[in-house]
Amino acid sequence: GAVVSQHPSWVICKSGTSVKIECRSLDFQATTMFWYRQFPKQSLMLMATSNEGSKATYEQGVEKDKFLINHASLTLSTLTVTSAHPEDSSFYICSARRDRGLREQYFGPGTRLTVT
Amino acid sequence: AQSVSQHNHHVILSEAASLELGCNYSYGGTVNLFWYVQYPGQHLQLLLKYFSGDPLVKGIKGFEAEFIKSKFSFNLRKPSVQWSDTAEYFCAVTFMNRDDKIIFGKGTRLHILP
């Protein structure tokens, strides 16, 4: 159990377009999910906390209008990169926190975004 | 502010050598502690975790870590490394007053020589 999926796993888009990335908890409910960004050979940087039924909480320095987060259900959060630019190219990883028990977080496999 | 420090950015060892990767955090309250591994081209995998209880935690693939509260440390160890252990290792901490956010250290790149 405790599987988190992301879709797509890899996406290439043109500069100026928007890209939506999905994060799903497949076998548990997750009121809270987290979005991270990882640049090549660097660590994961927390971007925002996604809360079901309410607005996301963004970390300092993360543009809210650039990275739109929607947590529409207890098993799905989406991250939309709007008006993408080449500098947005990165590896985006989500995690979902189990609502019950130890409230442990489980990570998705990540989505590699390349903006040309 | 709470932070996580990994002191070794790049470690090179020969096979069968012993490994210890350092991890320290700055926070006096309750924490949950993790070590993750990321093999080349692959996604993050959990090696081991500490929530409470025995401070010596055993994980997968022969790894273990010891939580020393007085030193704010959670060092990762393996008595005998293998070439397949070549990967990036991340220490991560959940500070329990920060809404369970996981903060990652900068990572340690481990390279095992065959």
Side-chain angles (χ1 to χ4, degrees), chain A residues 1-10 21 23 30-52 54-62 69 71 90-113, chain B residues 1-11 21-25 30-53 57 59-60 76 86-111:
Chain A
V3 178
V4 176
S5 70
Q6 284 186 240
H7 178 79
S9 56
W10 181 57
I21 302 170
C23 176
T31 303
T32 305
M33 295 184 177
F34 302 88
W35 286 97
Y36 295 82
R37 184 173 182 176
Q38 185 180 28
F39 289 105
K41 298 184 180 182
Q42 293 189 29
S43 186
L44 281 74
M45 298 296 295
L46 179 64
M47 298 175 66
T49 302
S50 173
N51 303 297
E52 189 268 337
S54 64
K55 292 183 179 180
T57 305
Y58 290 82
E59 295 298 301
Q60 191 174 6
V62 178
I69 292 173
H71 196 144
S90 188
F91 197 52
Y92 292 89
I93 302 171
C94 75
S95 70
R97 188 180 71 194
R98 186 190 286 271
D99 280 354
R100 298 182 177 181
L102 290 175
R103 293 160 61 89
E104 187 173 344
Q105 289 187 38
Y106 299 91
F107 285 82
T111 296
R112 185 165 300 283
L113 170 63
Chain B
Q2 294 96 340
S3 64
V4 180
S5 300
Q6 289 182 244
H7 311 297
N8 316 103
H9 299 297
H10 193 187
V11 173
L21 301 181
C23 174
N24 287 88
Y25 62 93
T30 303
V31 294
N32 293 334
L33 302 156
F34 309 85
W35 275 97
Y36 289 90
V37 61
Q38 190 172 35
Y39 296 102
Q42 296 189 28
H43 64 271
L44 217 59
Q45 296 179 42
L46 179 66
L47 269 181
L48 48 78
K49 62 190 178 189
Y50 172 81
F51 277 55
S52 63
V57 180
I60 61 171
L76 180 71
T86 295
E88 185 100 23
Y89 292 80
F90 296 98
C91 178
V93 182
T94 298
F95 302 100
M96 300 310 288
N97 74 338
R98 288 199 62 187
D99 196 27
D100 295 3
K101 295 178 184 179
I102 291 182
I103 306 299
F104 282 81
K106 291 187 180 298
T108 297
R109 186 169 297 275
L110 176 64
H111 186 73

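The figures that follow rest on heavy atoms only: side chains count, while hydrogens, waters and symmetry mates do not. To find a chain, count down the sequence lines: A is the first, B the second, and so on, and within it residues start at 1.
Using modelled atom types, one side-chain atom of S43(A) and one backbone atom of G105(B) make a donor-acceptor pair closer than 3.5 Å.
Interatomic distance, CG of L46(A) versus CD1 of I102(B), reported as 9.5 Å (0.5 Å rounding). One distance of note links CZ of F107(A) with OH of Y36(B); it measures 4.0 Å at 0.5 Å rounding. To the nearest 0.5 Å, atom CG of residue L44(A) and atom CG of residue L44(B) are 5.5 Å apart.
Annotation for H7(A): atom NE2 does not count as buried by contact number, only 12 or fewer foreign heavy atoms lying within 6.0 Å.
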F104(B) vs Q38(A), side chain to side chain contact (heavy atoms under 4.5 Å, CB included): CA-CA, chis, key distance, verdict: CA-CA 11 Å; F104(B) 282 81; Q38(A) 185 180 28; over 6 Å; no
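Residues E59(A) and K101(B) approach most closely at OE2-NZ, 2.7 Å, considering heavy atoms.
Under the side-chain hydrogen bond (donor to acceptor under 3.5 Å, both in side chains) criterion, W35(B) pairs with no residue, sequence neighbours left out. Remark: T86(B) pairs with no residue by the side-chain hydrogen bond (donor to acceptor under 3.5 Å, both in side chains) rule, at least two apart or across chains.
Contact of Q38(B) with chain A is made through the side chain alone, with heavy-atom distances under 4.5 Å.
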